[in-house]
A.B. asks: 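My structure is below; once you've seen it, I'll send some questions.
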Amino acid sequence: MNPGVESAEPGGQSGAASGIEPVVRASGVRMSYGDVQVLNGVDFAVAPGEVSCLIGPSGSGKSTFLRCMNGLEPVLGGSLRVLGEEVGHTLRDGRYRPWTPKEFAAFRRNIGMVFQRFNLFAHHSALENVACGPVHVLGAPADRARSLAMEHLERVGLAAHAHKRPHQLSGGQQQRVAIARALAMNPELMLFDEPTSALDPELVDEVLEVMKGLAAEGMTMVVVTHEIAFAREVGDWLTFFADGVVVERGRPRELLANPAHERTRAFLSSVRNQKERQEP
């Protein structure tokens, strides 16, 4: 958490106004799949060192918005600036020129993304999975990349499992390898797309503990999650998405205790009811 930094929030106290350049700033972002409108004018921002959590029902657009931040989905309207760049375009001579694949790749080097599924190379060890990015993307020498990989595996508590392949690891361990792989690229921004949703309940905490550690170190993070307790404890800001728009945004404890909108109240009630049904 970074309580000392005011939110870079459109329409409120902005990072720019306080002398801090937002890491992410979205203004009126729109995106669709054919005739299906997924994002309907999203305003959102994250200041350096903040942990911003996104919650909302399935199909609300939050994961799509996260993918837009990394250039994996195109922004079809509005403005999305990440790490000081307008995602997907460069302004030159008064006109926006679309990025080339090489420019997209260069942009993504500064962003780590962790998905629901681990997407590890099955035939590689944990160490090799983490080292592959520095070698093949950053051009690091193999010995240096392996040393770096071991440092990050130790960071996520998996140094003792460095030479195991994914099938020899639990789901929680595989997700921690995926986090180490993202960190090995030395990102300025970490994006998490429901990183615990594919895990058995008893494995969730080990992944969340790693994420809490990153937050404590000051990593800028945007986290799509259903883990309400994590958002309350770790998040600097909590944003509720529904129907492709930001319904409300606020400090997590305040928003969770006193949501302003009925749509938010209904969602939080359903989450609580689901949790109660799952408890023995």
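Along the sequence shown, the residues carry numbers beginning at 1.
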A.B. asks: Quick check on the hydrophobic clustering: are Leu148 and Leu127 connected, directly or via other members, by side-chain heavy-atom contacts under 4.5 Å?
C.D. replies: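 No, Leu148 does not connect to Leu127 through the hydrophobic network.
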A.B. asks: Taking all non-hydrogen atoms of both residues into account, name the closest pair between Cys68 and Val75 and its distance.
C.D. replies: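 Heavy-atom minimum between the residues: CB-CG2, 4.1 Å.
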A.B. asks: Do you know which two heavy atoms are closest between Arg67 and Glu73, and how far apart they sit?
C.D. replies: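 The answer is NE-OE2, 3.2 Å.
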A.B. asks: List the atom of Pro187, the atom of Gly112, and the distance in Å for their closest heavy-atom pair.
C.D. replies: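 What the structure gives for the nearest pair is CB-N, 3.4 Å.
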A.B. asks: Heavy-atom distance under 4.5 Å between the side chains of Ser197 and Phe115, does that happen here?
C.D. replies: no
A.B. asks: Does some side-chain heavy atom of Glu227 sit less than 4.5 Å from a side-chain heavy atom of Val204?
C.D. replies: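 Yes; the side chains approach each other to less than 4.5 Å.
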A.B. asks: For a 4.5 angstrom cut-off between non-hydrogen side-chain atoms, does Glu128 reach Phe121?
C.D. replies: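 No - every pair of side-chain heavy atoms lies 4.5 Å or more apart.
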A.B. asks: Can you tell which of Glu206, His152, Arg155 makes a side chain to side chain contact (heavy atoms under 4.5 Å, CB included) with Arg176?
C.D. replies: Glu206
A.B. asks: A quick test of your reading: do over 12 heavy atoms of other residues, nucleotides or ligands sit less than 6.0 Å from CD of Gln168?
C.D. replies: yes
A.B. asks: Do Val42 and Phe241 come close enough that some side-chain heavy atom pair is under 4.5 Å?
C.D. replies: yes
A.B. asks: Using every non-hydrogen atom in the two residues, find where Ala26 and Leu80 come nearest and quote the distance to one decimal.
C.D. replies: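 Closest approach of Ala26 to Leu80, heavy atoms only: CB-CD1, 3.8 Å.
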A.B. asks: Looking only at non-hydrogen atoms, find the nearest pair between Ala162 and Met150 and report the distance.
C.D. replies: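 Distance-wise, the nearest heavy atoms are CB-CE, 3.6 Å.
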A.B. asks: Show the nearest heavy-atom pair for residues Val23 and Ala47, with the distance to one decimal.
C.D. replies: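 Taking Val23 first and Ala47 second, the nearest heavy atoms are CG2-C, 4.1 Å.
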A.B. asks: Quick check on the hydrophobic clustering: are Val36 and Leu76 connected, directly or via other members, by side-chain heavy-atom contacts under 4.5 Å?
C.D. replies: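 Unlinked, Val36 and Leu76 end up in two clusters.
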A.B. asks: Starting at CG of Leu83, measure out to CG of Asn110 and round the result to the nearest 0.5 Å.
C.D. replies: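 That separation rounds to 6.0 Å.
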A.B. asks: Assigning hydrophobic clusters by single linkage (Ile, Leu, Val, Met, Phe, Trp, Tyr; side-chain heavy-atom cutoff under 4.5 Å), is Leu189 placed with Leu54?
C.D. replies: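 Linked within one cluster.
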A.B. asks: Considering residues, nucleotides and ligands other than Arg146, do more than 12 of their heavy atoms fall under 6.0 Å from its CZ?
C.D. replies: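 No, the 6.0 Å shell around CZ holds no more than 12 heavy atoms from other groups.
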A.B. asks: With the 4.5 Å side-chain cut-off for hydrophobic clustering, are Val87 and Met185 part of the same group?
C.D. replies: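 Val87 and Met185: separate clusters.
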A.B. asks: So, the side chain of Gln174 versus the backbone of Leu169: is there a donor-acceptor pair under 3.5 Å, distance only?
C.D. replies: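 Present.
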A.B. asks: Roughly how far, to the nearest 0.5 Å, is OG of Ser52 from CE of Met221?
C.D. replies: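 It is 10.5 Å, given to the nearest 0.5 Å.
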A.B. asks: Does Gln175 form a side-chain contact (heavy atoms from CB on, under 4.5 Å) with Thr196? I'd like the steps, not just the answer.
C.D. replies: CA-CA 8 Å; Gln175 191 62 295; Thr196 62; over 6 Å; no
A.B. asks: How many angstroms lie between atom NE2 of His167 and atom CG of Leu120, to the nearest 0.5 angstrom?
C.D. replies: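 Answer rounded to 0.5 Å: 13.0 Å.
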A.B. asks: When you measure from the side chain of Asn70 to the backbone N and O of Ile111, does any donor-acceptor pair fall under 3.5 Å?
C.D. replies: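 No, because the side chain of Asn70 does not come within donor-acceptor range (under 3.5 Å) of the backbone of Ile111.
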A.B. asks: Can you label the angle between the His226 ring and the Phe267 ring as parallel, tilted or perpendicular, going by 30° and 60°?
C.D. replies: tilted
A.B. asks: Do the side chains of Leu72 and Met113 get nearer than 4.5 Å, heavy atoms only?
C.D. replies: yes
A.B. asks: Check the pair Ile55 / Val271 against side-chain contact (heavy atoms from CB on, under 4.5 Å), numbers first and verdict last.
C.D. replies: CA-CA 11 Å; Ile55 61 172; Val271 170; over 6 Å; no
A.B. asks: Should His124 and Cys132 count as side-chain neighbours, where that means a heavy-atom distance under 4.5 Å?
C.D. replies: no
A.B. asks: Can you list the steps and then say if Asp43 with Val246 is a side-chain contact (heavy atoms from CB on, under 4.5 Å)?
C.D. replies: CA-CA 7 Å; Asp43 295 333; Val246 172; 5.9 Å; no
A.B. asks: Do Thr64 and Tyr33 have side chains that approach each other closer than 4.5 Å (heavy atoms only, starting at C-beta)?
C.D. replies: yes
A.B. asks: When you measure from the side chain of Lys62 to the backbone N and O of Pro57, does any donor-acceptor pair fall under 3.5 Å?
C.D. replies: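 It does hold such a pair.
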A.B. asks: Decide side chain to side chain donor-acceptor pair (under 3.5 Å) for Glu103 and Thr90; before the verdict, give the C-alpha distance in whole Å, the side-chain angles of both, and the deciding distance to 0.1 Å.
C.D. replies: CA-CA 10 Å; Glu103 287 171 318; Thr90 299; 4.5 Å; no
A.B. asks: Going hydrophobic residue to hydrophobic residue with side-chain gaps under 4.5 angstrom, can you get from Met190 over to Leu208?
C.D. replies: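 Shared cluster, yes.
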A.B. asks: What residue among Leu66, Val51, Leu214 forms side chain to side chain contact (heavy atoms under 4.5 Å, CB included) with Phe192?
C.D. replies: Leu214
A.B. asks: To the nearest 0.5 Å, what is the distance between CG on Leu191 and OG1 on Thr220?
C.D. replies: 10.5 Å
A.B. asks: Calculate, to the nearest 0.5 Å, the distance between atoms CD and NZ belonging to Gln173 and Lys164 respectively.
C.D. replies: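 It comes to 6.5 Å.
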A.B. asks: With side chains defined as the heavy atoms from C-beta onward, is the minimum distance between Asp236 and Arg251 less than 4.5 Å?
C.D. replies: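 Yes. Closest side-chain heavy atoms under 4.5 Å.
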A.B. asks: How far does NE2 of His161 sit from CG of Leu153, to the nearest 0.5 angstrom?
C.D. replies: 10.5 Å
A.B. asks: Can you establish whether the number of heavy atoms outside Arg117 located under 6.0 Å from its atom CZ is more than 12?
C.D. replies: no
A.B. asks: For a side-chain contact (heavy atoms from CB on, under 4.5 Å) check, start with the C-alpha distance between Phe118 and Arg181, then their side-chain angles and the critical distance, and finish with the verdict.
C.D. replies: CA-CA 10 Å; Phe118 323 125; Arg181 178 180 58 187; 5.9 Å; no
A.B. asks: Please state whether the rings of Phe104 and Trp99 are parallel, tilted or perpendicular, taking 30° and 60° as the class boundaries.
C.D. replies: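 Perpendicular: the ring planes of Phe104 and Trp99 meet at over 60°.
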A.B. asks: For Phe240, is the NZ or CZ atom of Arg263 found under 6.0 angstrom from the centre of its six-membered ring and inside 45 degrees of the ring axis?
C.D. replies: no
A.B. asks: Under the criterion side chain to side chain donor-acceptor pair (under 3.5 Å), I'd like the reasoning laid out for Ser79 against Glu86: C-alpha separation, chi angles, the key distance, then a yes or no.
C.D. replies: CA-CA 7 Å; Ser79 171; Glu86 189 76 24; 3.0 Å; yes
A.B. asks: Distance-only, no hydrogens or angles: does the Glu248 side chain make a donor-acceptor pair with backbone N or O of His261 under 3.5 Å?
C.D. replies: yes
